[in-house]
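Worksheet for the structure shown next.
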There are 2 protein chains.
Amino acid sequence: MAVSTASSKEPNQASSAYERLEQDILTGHLKPGERLRLKELIVSYNTGNSPMREALSRLSARGIVTREENRGFSVPHATKESLTELLKTRCWIEEIGLRESIANGDNEWEERIVLAFHWLSQSEKSDDLVSGRSPSDLKWSKHHQGFHMALISACNSDILIDFCTQLQGRSFRYFNLAKISKYANRNELEEHRELKDATLERDAELAVSKLKKHYTTTHEILLTSDRFD
Amino acid sequence: MAVSTASSKEPNQASSAYERLEQDILTGHLKPGERLRLKELIVSYNTGNSPMREALSRLSARGIVTREENRGFSVPHATKESLTELLKTRCWIEEIGLRESIANGDNEWEERIVLAFHWLSQSEKSDDLVSGRSPSDLKWSKHHQGFHMALISACNSDILIDFCTQLQGRSFRYFNLAKISKYANRNELEEHRELKDATLERDAELAVSKLKKHYTTTHEILLTSDRFD
DNA sequence: TAACCTAATTTTATCGACAATATGAACACA
DNA sequence: TGTGTTCATATTGTCGATAAAATTAGGTTA
C-alpha cells in the first residue's frame with residue numbers, strides 16, 4: 001500500500017491523515033477497489049484509530065472514498081461510465097462558472113488568469129517530453145488546476161467553486177489512473193492559450209467552446225486507457 | 001438545545017446521530033451560529049464520544065456544520081448574502097438537470113413526476129391554511145423535495161443529483177429559519193402544476209422559466225424575513 | 001480603568017481496550 | 001462435488017480515560 005510521507009506539521013492528526021490519504025487516492029497510488037482497512041492504514045500513516053477513522057469519514061462524505069456500513073471503506077471503483085458522467089457534469093458546471101466570470105470578472109480576476117497561465121506555461125515548457133510521468137507532474141497538475149480554477153473564480157458562488165474543486169479532484173484521479181502521457185499527440189499549451197485569450201476578450205461563446213473541446217479531448221484520450229474496470 | 005428522538009433502529013450510532021443532527025440543523029431547531037459542543041451533544045442525543053464526533057466530521061465535510069480546527073463545530077451562520085448565493089447556484093444547476101431530463105427522460109421519468117406531483121398536491125390541499133408551521137409541514141416538505149428531485153431525475157448524472165440534494169437541504173434550512181408561512185400570498189400548487197405540465201410537454205424553455213420563477217419568488221419571500229444575520 | 005500575564009477550567013483531540021459485526025475455514029451431509 | 005452449518009478469526013464500531021489545546025477568571029501593574 002502506497003503512502004505519502006508526513007510533510008509539514010498539520011494542525012492535527014485527523015486533518016493530516018485526511019490530506020495524505022486524499023492525495024494517495026487522487027494520485028492513483030491507491031488502486032480503485034482497494035480496501036482501506038483501518039488497522040493497515042494506522043500503521044501505514046503512523047497515526048491512531050480515531051484520527052484515521054475521522055479522516056475516512058470525512059473523505060467518504062465527499063465521495064473520495066466509498067463506505068459500506070459495517071463493512072469498512074475502500075477506494076472508489078473507476079469505470080469508463082463514471083468517467084464519462086464525471087466529465088459531462090464538469091463541462092456543465094464549469095461552463096456556468098466561466099460564463100458568470102466572463103460576465104462579472106474584474107481586473108483582479110484577469111490578473112489571476114494571466115498569472116495562472118504564466119505559471120502553467122512555464123511548467124509545461126520545462127517538463128521533459130519523454131518521461132510522461134515525471135516527478136514534476138505534481139507541480140504541473142497544481143498549475144493546471146490553478147489555471148482552470150482561476151477561469152471560474154469570478155463566478156460569485158463559493159458553492160459552485162467548491163463543486164468544481166470536487167470534480168477536478170475526481171478527474172485528476174482518472175487522469176493519473178489512465179497512465180497516459182499528457183503529451184500524446186496534443187498541444188495543451190496552445191489549447192490553454194486559446195482558452196485564456198477568448199476568456200480575457202470576454203468572448204463567452206468562444207471561451208466555452210474552447211473549454212468543452214479541451215475537456216472532450218482529454219476525455220477521448222483517457223477512454224483509450226485500459227486501466228479502468 | 002432541540003433534539004430529534006431516536007426513530008427506527010439505524011445501522012449504527014454514528015449514522016443515526018448524523019441523520020438526527022442533520023435533521024435538527026436543517027429544520028432550524030438548532031440555531032445558526034450555535035456552538036455544537038461534543039459533551040452536550042452526547043447527552044442530548046444519547047450516544048458516545050466517537051459516534052458523535054464521526055457524525056460531526058461527516059456533516060462538516062458536506063457543509064452542513066461549520067468546523068474550526070481545534071475549536072469545535074457549530075451551526076453555519078445564515079445570512080441574506082449566502083441565501084442569495086445559494087438560490088442563484090441552485091437555479092443554475094437545477095436548470096441543467098431539468099434540461100437534460102427533458103431531453104433524455106423516458107416513460108418512467110414521466111411517471112415519477114406524475115406521482116410526485118400527485119402526492120405533493122394531496123399534501124398541499126390537506127394542510128390547514130391557518131397554522132403555517134403545522135406538524136404536517138415535514139410531510140409536505142418531503143413531497144416538495146421529492147417533486148423537484150423527480151424533475152431532474154433523468155439527467156443521467158448522479159453527481160449532479162447529489163449536488164442538487166445538497167443545495168435543496170441548505171435551502172430547506174433557510175426556509176425553516178425564515179418562519180414564514182408558505183401560503184403567504186401565493187398559490188404554490190398552481191406554480192408546481194405549471195412547472196409539471198411544461199416539463200411533461202418537453203417545453204424546456206417554458207419549464208426552465210417556470211422553475212426559475214418559482215425559486216425567485218421563494219427567494220423574495222424569504223428575504224423579507226428578519227431572522228438572518 | 002485598561003492592558004497584560006498566569007493559573008484554573010472547559011473543551012477538543014487522541015489513545016488503548018473492548019464489544020459487535022462480518023468474514024472465512026473446517027466440517028457434515030446429501 | 002456441491003451445499004449448508006458452526007465456530008474461529010479478522011475487522012469495524014464504540015466506550016471511557018487521558019493528553020493537548022483553547023477559554024475564562026483572577027490578580028498585578030501601569
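We name chains A, B, ... by the order of the sequence lines, and we start the count at 1 in each one.
Side-chain nitrogen and oxygen atoms of Gln13(A) include none within less than 4.0 Å of the OP1 or OP2 phosphate oxygen of dA20(D). Checking the phosphate oxygens (OP1, OP2) of dT23(D), a side-chain nitrogen or oxygen of Arg71(B) falls inside 4.0 Å. Remark: Arg35(A) is in phosphate contact with dT12(D), judged by side-chain N or O atoms under 4.0 Å from OP1 or OP2. Close to dA13(C), at under 4.0 Å from its OP1 or OP2, lies no side-chain N or O of Arg37(B).
The separation between Lys39(B) atom NZ and dT23(D) atom C1' is 14 Å, rounded to whole Å. For Asn49(A) and dA19(C), the CG to P distance is 16 Å, given to the nearest whole Å. Note: CG (Asn12(A)) to C1' (dT12(C)) measures 10 Å, nearest angstrom. Computed from coordinates, the Ile42(B) CD1 to dC15(D) C1' distance equals 10 Å when rounded to whole Å. Here dA22(C) presents its P atom at 15 Å from CZ of Phe73(A), a figure rounded to the nearest Å. What separates CG of Asn46(B) from C1' of dC15(D) is a distance of 13 Å, to the nearest Å. The CG-P distance, from Leu38(B) to dT14(D), rounds to 14 Å in whole Å.
Ring planes of His148(A) and His192(A): perpendicular class, angle over 60° (limits at 30 and 60°). Between Phe163(A) and Phe163(B), the ring planes are parallel. Angles under 30° get that label, and only those over 60° would be called perpendicular. Note on ring orientation: taking the six-membered ring where Trp is involved, the planes of Tyr174(A) and Phe228(A) are perpendicular (angle over 60°, cut-offs 30° and 60°). Relative orientation of the His144(A) and Trp140(A) rings is parallel, given thresholds of 30° and 60° on the angle between their planes.
Residue Asn70(B) is classed as a sugar-phosphate contact, given heavy-atom separations below 4.0 Å to backbone atoms only.
Looking at every heavy atom in both residues, Asn49(B) comes nearest to Leu38(B) through OD1-CD2, 3.9 Å.
Of the N and O atoms on the side chains of Ser157(B) and Thr89(A), at least one donor lies less than 3.5 Å from an acceptor on the other residue.
Taking a 4.0 Å limit (strictly below) on heavy-atom distances, residues 51-68 of chain B reaches DNA chain C at Arg53(B).
When each of Phe73(B), Tyr45(B), Tyr18(B) is checked for a side-chain contact (heavy atoms from CB on, under 4.5 Å) with Met52(B), only Tyr45(B) meets the rule.
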